[in-house]
Amino acid sequence: GTANIDFTSIPATFKHLQIRLLARTTHPSGTDGDYLDMQFNSDTGSNYATHQISADGSSVSAAAFTSQNSMYPSRVAATGLAANIFGCIIIDILDYSSTTKYKTVRQLGAYDANGSGLLRFASCLWMNTNAITSIKLEAGSGTGFEQYSQIALYGIKGS
């Protein structure tokens, strides 16, 4: 387990980035999971927005968050759920090295909690034209990620 995940010194040699995550946080009362917070380049200003559609097997909802100090790409499983339940998320960060436009993120994530759970599709925006050189991921309400969580960063080459 660890408090957060920091990818630093990201080179500008790819077209896009992808994060693949299998995780669970330490949020003890997270019976509906725990938010995943994400920031770029240590920016803690109100420069992020998130739009999301969620489904839990019996209902569908949508939400929007603007002028936030981080993005909320999805929820992951938390300690408040049954043991050994992890959430899976794929996050695409498009044109991360561009210095002429804001950065767009798309993600698809889910976890199953033996009949309940959550599926979420989200788009996020970082309102900054700087190239992304670092990414911070942390548990929204828990104190960190539990042991056996796996988070990987991939570079996607473009033509």
Side-chain angles (χ1 to χ4, degrees), residues 1-11 14-43 48-65 68-97 103-126 132-158:
T2 185
N4 56 48
I5 303 294
D6 289 303
F7 295 105
T8 60
S9 302
I10 299 171
F14 300 100
K15 179 72 174 161
H16 310 295
L17 298 175
Q18 185 175 80
I19 298 172
R20 297 179 187 180
L21 176 129
L22 180 66
R24 177 179 170 98
T25 76
T26 60
H27 184 35
S29 61
T31 56
D32 58 351
D34 189 7
Y35 274 104
L36 176 69
D37 289 345
M38 184 166 65
Q39 294 174 331
F40 297 143
N41 296 0
S42 302
D43 182 359
Y48 302 93
T50 301
H51 294 87
Q52 53 192 225
I53 298 172
S54 303
D56 64 7
S58 63
S59 65
V60 176
S61 63
F65 306 92
Q68 300 295 305
N69 63 1
S70 66
M71 316 178 194
Y72 312 115
S74 192
R75 284 185 180 264
V76 293
T79 302
L81 295 166
N84 301 320
I85 294 176
F86 285 73
C88 178
I89 303 172
I90 297 175
I91 302 170
D92 293 319
I93 305 168
L94 309 176
D95 296 320
Y96 77 101
S97 61
K103 306 309 176 284
T104 303
V105 175
R106 65 180 175 208
Q107 76 81 33
L108 179 62
Y111 64 88
D112 179 40
N114 297 325
S116 65
L118 182 75
L119 171 68
R120 176 167 288 156
F121 177 76
S123 65
C124 304
L125 178 68
W126 182 43
I132 295 171
T133 58
S134 68
I135 301 169
K136 180 178 185 176
L137 297 166
E138 62 185 344
S141 298
T143 57
F145 295 99
E146 285 199 7
Q147 185 178 13
Y148 306 116
S149 292
Q150 299 178 23
I151 302 171
L153 176 66
Y154 296 89
I156 309 296
K157 292 207 176 218

If the condition is side chain to side chain contact (heavy atoms under 4.5 Å, CB included), which residues does L108 pass it with, not counting sequence neighbours? L119, F121
pair F86-S149: side-chain heavy atoms closer than 4.5 Å: yes
Quick one: do D95 and K15 make a salt bridge, cutoff under 4.0 Å? yes
Going by the rule side chain to side chain contact (heavy atoms under 4.5 Å, CB included), which residues pair with D6 if we only count those two or more places apart in sequence or in a different chain? N4, T8, K136
Main-chain N/O of T25 paired to T79 side chain as donor or acceptor, under 3.5 Å: yes
Flag, side chain of Q107 to backbone of G109, donor-acceptor distance under 3.5 Å: yes
Is there a side-chain contact (heavy atoms from CB on, under 4.5 Å) between L21 and V76? Walk through the geometry before answering. CA-CA 9 Å; L21 176 129; V76 293; 3.6 Å; yes
With sequence neighbours left out, what residues match S54 under side-chain hydrogen bond (donor to acceptor under 3.5 Å, both in side chains)? R120
For M71 and V105 the tightest heavy-atom approach is SD-CG2, 3.9 Å
For T133, which residues count as a side-chain hydrogen bond (donor to acceptor under 3.5 Å, both in side chains) partner, sequence neighbours excluded? N41
Just jot down the side chain to side chain contact (heavy atoms under 4.5 Å, CB included) partners of A82, sequence neighbours excluded, or say none. I85, N114
Atom pair OG (S141) and CG (L36), whose distance is rounded to the nearest 0.5 Å: 11.5 Å
Verify the ring-centre separation between Y72 and F65: is it less than 6.0 angstrom? yes
Identify the two heavy atoms, one from Q52 and one from Y35, that lie closest to each other, and give their separation to 0.1 Å. OE1-OH, 3.8 Å
Note, F7 side chain near I5 side chain (heavy atom, < 4.5 Å): yes
With sequence neighbours left out, the residues meeting ring-ring contact (aromatic ring centres under 6.0 Å, His included) with F40 are W126
When every non-hydrogen atom of A122 is compared with those of P73, the smallest separation belongs to CB-O, 3.4 Å
All side-chain hydrogen bond (donor to acceptor under 3.5 Å, both in side chains) counterparts of D37, not counting sequence neighbours: none
For residues 20-29, pull every pair meeting salt bridge (Lys or Arg N to Asp or Glu O under 4.0 Å), keeping only residues two or more places apart or in separate chains. R24-E146
Spacing of CD1 belonging to I156 relative to NE2 belonging to H16, to within rounding of 0.5 Å: 8.0 Å
Work out which heavy atom in G155 is nearest to a heavy atom in L17; give both atom names and the distance. CA-CD2, 4.1 Å
How long is the straight-line distance from CD1 of I91 back to SG of C124, given to the nearest 0.5 Å? 8.0 Å
In Å, rounded to the nearest 0.5 Å, how long is the span from CD1 of I93 to OG1 of T104? 11.0 Å
Could you work out, with side chain to side chain contact (heavy atoms under 4.5 Å, CB included) as the rule, every residue matching T143, not counting sequence neighbours? T26
Test salt bridge (Lys or Arg N to Asp or Glu O under 4.0 Å) applied to D92 - qualifying residues, sequence neighbours left out: R106
If we ignore hydrogens and angles and just use 3.5 Å, is the side chain of Q150 paired with the main-chain N or O of A23 as donor and acceptor? no
Heavy atoms, side chains only, cut-off 4.5 Å: are L137 and I19 in contact? yes
Minimum heavy-atom distance between S42 and S134, given as atom pair plus value: N-OG, 3.9 Å
Which residue pairs pass the salt bridge (Lys or Arg N to Asp or Glu O under 4.0 Å) test with at least one member in residues 51-62, sequence neighbours excluded? none
Measuring from I90:CD1 to L22:CG, what's the distance to the nearest 0.5 Å? 11.0 Å
Who pairs with R75 by salt bridge (Lys or Arg N to Asp or Glu O under 4.0 Å), at least two apart in sequence or on another chain? D32
Could you check whether any side-chain N or O of Y111 sits under 3.5 Å from a backbone N or O of I89, counting only pairs where one atom can act as donor and the other as acceptor? no
